[in-house]
**Q** 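The structure is given below, and queries will be raised subsequently.
Ligands are counted one by one from 1 in listed order, and the atoms in each one are counted from 1 as well. Only this structure's heavy atoms are used, side chains among them; waters, hydrogens and symmetry mates stay out.
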Amino acid sequence: MERTLVILKPGCLQRGLVGEVISRFEKRGLQLVAMKMVQLDEEILKEHYAHLLDKPFFPWLRDGMMAAPVILCCWEGYNAVQVVRDMAGATRSSKAVPGTIRGDYSVSSQENIVHTSDSLENAEIELKRFFVESDFCNYTSPLNPFKYAPDEM
Ligand code: IDP
Ligand code: MG
């Protein structure tokens, strides 16, 4: 089954939306396999947002991501990368569809509540960036037969 990285951004924490957002992933049927709260620094943000380093908004994004701690989560499930990405909604929250996390809790392009990996390949790279192997908890939910067909597990 796929694993993907979600970062609950500083705004999610400061606005008291952590439980709300985690609850959505749980209710969708995704399984939490790793989680930790950390203060990000400039070095790791330059790596994580390398594709945006030359954008004029990068310094604001970097400072926003360091403005408070974040919560790093790894969610596991069938098609988890795309499922989680779709649940987050469009990057520009003002365009995000209601019902998505960004579409329900934000209007900003920068302060958009969550980071989600955009491909299976990047999910693997990003999970290695923030977690070590022993952070991942391997357990099987007894509810899996009620959440999945045999070929989806
Ligand atoms: P994503 O988070 O939906 O994958 P990316 O293009 O990878 O979007 O951008 C990473 C983060 O950079 C966004 O989540 C957002 O916080 C910020 N960002 C992206 N585009 C803009 C912009 O045009 N203005 C301000 N911040 C932006
Ligand atoms: Mg991205």
**Q** Is the CZ atom of Arg129 crowded by more than 12 outside heavy atoms at less than 6.0 Å?
**A** yes

**Q** Could Asp86 and Arg28 be called an ion pair, given the rule that one side-chain N must be under 4.0 Å from one carboxylate O?
**A** no

**Q** Find out if a path of hydrophobic residues (ILVMFWY) with successive side-chain heavy-atom gaps under 4.5 Å connects Leu17 to Met87.
**A** yes

**Q** List for me each residue that meets ring pair (Phe, Tyr, Trp, His ring centres under 6.0 Å) alongside Phe57, sequence neighbours excluded, and say none if there are none.
**A** none

**Q** Tell me whether the count of non-hydrogen atoms from other residues, nucleotides or ligands lying under 6.0 Å of OH in Tyr139 goes above 12.
**A** yes

**Q** Please lay out, stage by stage, how Phe136 and Phe131 fare under the test ring pair (Phe, Tyr, Trp, His ring centres under 6.0 Å).
**A** CA-CA 8 Å; Phe136 298 102; Phe131 291 107; 5.5 Å; yes

**Q** Compile the protein residues with any heavy atom at a distance under 4.0 Å from an atom of ligand 1; present them by chain, then by number.
**A** Lys9, Tyr49, His51, Leu52, Phe57, Leu61, Arg85, Thr91, Arg92, Arg102, Ser109, Gln110, Asn112

